[in-house]
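Step one of this worksheet: look at the structure below.
Starting from 1, each residue takes its place in the sequence as its number.
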Amino acid sequence: MSRNSRSRLIVRTARLADIPAINRVVQRTYPNLDDYTYDELRGQINNFPEGQLVAVYEDTVVGYCATLCLPEEQVMRPHTWAKITGNGYGSTHDTDGDYLYGYEICVDPGYRGLRIGQRMYREREALCVKLGLKGIVFSGRLPGLRRRFKQFGSAEAYVEAVKDKQIRDSVLSFQLGQGYELLGVMPNYLPPDVASMGYGAHLLWRNPEYKYREDVAGDSHVHLQRPATVRIAVVQYMQRAIDSFDEFAQIVTYFVQETADARADFVVFPELFTVQLLSIKNEELRHRAAIQRLADFVDEFRELMASLAVKYNINIIAGSHPTWVGDDLQNIGYIYLRDGSEYQQPKIHPTPGERHYWNIVGGDSLNAIETDCGPIGVLVCYDSEFPELSRHLVDQGINMLFVPFSTEDRNGYLRVRYSAHARAVENQIYVATAGNTGNLPRVHAMDLHYAQSAIVTPCDFAFARDGIAADTTPNVEMVAIADVRLDVLADARTTGSVQNMLDRRHDLYHVQWKPRRRAVKGAKAR
């Protein structure tokens, strides 16, 4: 390919918009290994934004570097790639870690004459110095090991020969030339790496500036460009008869305006709160006819919510609304950010009643959503009762989970409420729930409602005594508002009485999201 003297090559932090380009680089670099899923790359960037770098040449992403911070004892003892990276999501990142751990550097083969790898090593070292860490640790590939194993008889003998410059390994020789110390050999580090026979070379770079670092009490290494405090408002919505869509819009606008005036960052509406639109004609429709009629309002609903998010400068978790997806009717959660952008989150698990009475079909995608307050997740009602879903979102970097729900009785409500507390504790996140109250006598299967909406927290000293930041009076139309601290949440994950996120046994279990995988094998490793 032709290049001119004015070509621009930069290394910068990776963005979510770079994910497709990063994946192309990974595929071209390692055609014989599984490529990352979009969810894994999203998790890497969300979990540690400062630590993921891309090399960009003439506006094309041509290289990628992934890192996280970890404690000294963790990076120095034997480990595997899957365990130390949270199976590729970077969810093991510890803001108070001692070392920067590198778990990916790849360069597009078509651009390897530009010393991009060397540039990325230097940028990674600069990041280590900036964060005041002790150094960089990683386990590098040994692509020449299998070919020459009979000659040396062991991986240890092979790396010593490379270290002594008796032979050359295309990766290890380069890394040693960059000033990295050889600590030893990691067996079973990367089983899919056939050329390296699963081994990795355990390497260390010491930060020469570390001895001059002065610790600041209570200060973590990483400072992200996100607000420390986020204000959440949940709307416990009263179902009552209305005469027109305009009347519905007036009610919704009132809640959006009032919560925006209270300077809330998010306002949360319940699942299927739009069901009151069926009272406009007040027809006594049977179940499937009613839900299909409700789906007819989807365009007006979407236009209304997008305009309100922009007008009132607030992020809206707009409950859910039945929506046709091809020939399937799905219960779709709608999310609108302050700029008017729309995100959709289908309900993954329709309840038995939804399947039987409405013929609702479950969706198959679950993605973290990037907002100006950091990545969030949305689970519609019943989905909150499946812990794998929340864990998949947390792997992608969320700190806040929003659960629009709609339940008919106290039993159903308590299933959602107890699940919200469980998700907050096991993932160390904030969970906001919003439900319907009131009744619609002529709307079958949505005629009765029971709710007590809430904003719940992990259970530890830094949070509310009972794990409830705010809640509502049962079955009364009202709003609950609470401020949640993201910095306190980060501290709890690393220094709390329990550290659920850091103490997970990644060597024993993980959540694998199959529909999004190009190649379903185990976690991608380097």
Close side-chain approach of [X] and [Y], heavy atoms under 4.5 Å:
X	Y	answer
R240	E477	yes
R391	D395	yes
Y418	E385	no
P322	I332	no
S320	F273	no
P350	Q330	no
C381	V416	yes
V235	V267	yes

Are [X] and [Y] within salt-bridge range, i.e. N to O under 4.0 Å?
X	Y	result
R338	D265	yes
K347	E354	yes
R24	D18	no

Quick one: OG1 on T259 to CD1 on I316, what's the gap to the nearest 0.5 Å?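 Between T259 OG1 and I316 CD1, I get 7.5 Å after rounding to 0.5 Å.
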Taking salt bridge (Lys or Arg N to Asp or Glu O under 4.0 Å) as the definition, give me every residue that meets it alongside [X], ordered by chain and number, with sequence neighbours left out.
X	value
D466	none
R415	none
D460	none
D483	R231

Side-chain donor or acceptor of [X] paired with backbone N/O of [Y] under 3.5 Å:
X	Y	answer
Q396	L366	yes
Q276	A241	no
T67	G51	yes
D383	I348	yes
Q236	V476	yes
Q428	V498	yes

Pair [X] + [Y]: ring centers closer than 6.0 Å:
X	Y	answer
F301	F297	no
W358	H287	no
F269	H321	no

Before giving the answer on ring pair (Phe, Tyr, Trp, His ring centres under 6.0 Å), spell out for H79 and Y189 the whole-Å C-alpha distance, their side-chain angles and the decisive distance to 0.1 Å. CA-CA 7 Å; H79 56 265; Y189 180 76; 5.8 Å; yes
Partner residues of Y450 under the side chain to side chain donor-acceptor pair (under 3.5 Å) criterion, sequence neighbours left out: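 Y450 satisfies side chain to side chain donor-acceptor pair (under 3.5 Å) with no other residue.
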Any residue meeting side chain to side chain donor-acceptor pair (under 3.5 Å) with E342, in chain and number order, not counting sequence neighbours: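 Testing E342 for side chain to side chain donor-acceptor pair (under 3.5 Å), a comparison that skips the adjacent residues, returns R302, Y336, Q344.
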Short side-chain donor-acceptor distance under 3.5 Å, Y413 and Q452: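 Yes, because at least one side-chain N or O of Q452 sits under 3.5 Å from a partner of the opposite role on Y413.
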Kindly indicate, with the supporting measurements, whether the criterion salt bridge (charged side-chain N to carboxylate O under 4.0 Å, His left out) is fulfilled by D96 and R493. CA-CA 10 Å; D96 292 321; R493 288 179 170 181; over 6 Å; no
For a quick test of reading the model, state the closest non-hydrogen atom pair linking I291 to L329 and the distance between them.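 For I291 and L329, the tightest heavy-atom pair comes out as CG2-CD2, 3.6 Å.
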Parallel, tilted or perpendicular: which fits the ring planes of Y36 and Y64, with parallel below 30° and perpendicular above 60°?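 Y36 vs Y64 ring planes: perpendicular.
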How are the rings of F245 and F248 set relative to one another: parallel (under 30°), tilted (30 to 60°) or perpendicular (over 60°)?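 If you compare the ring of F245 with that of F248, the planes turn out tilted.
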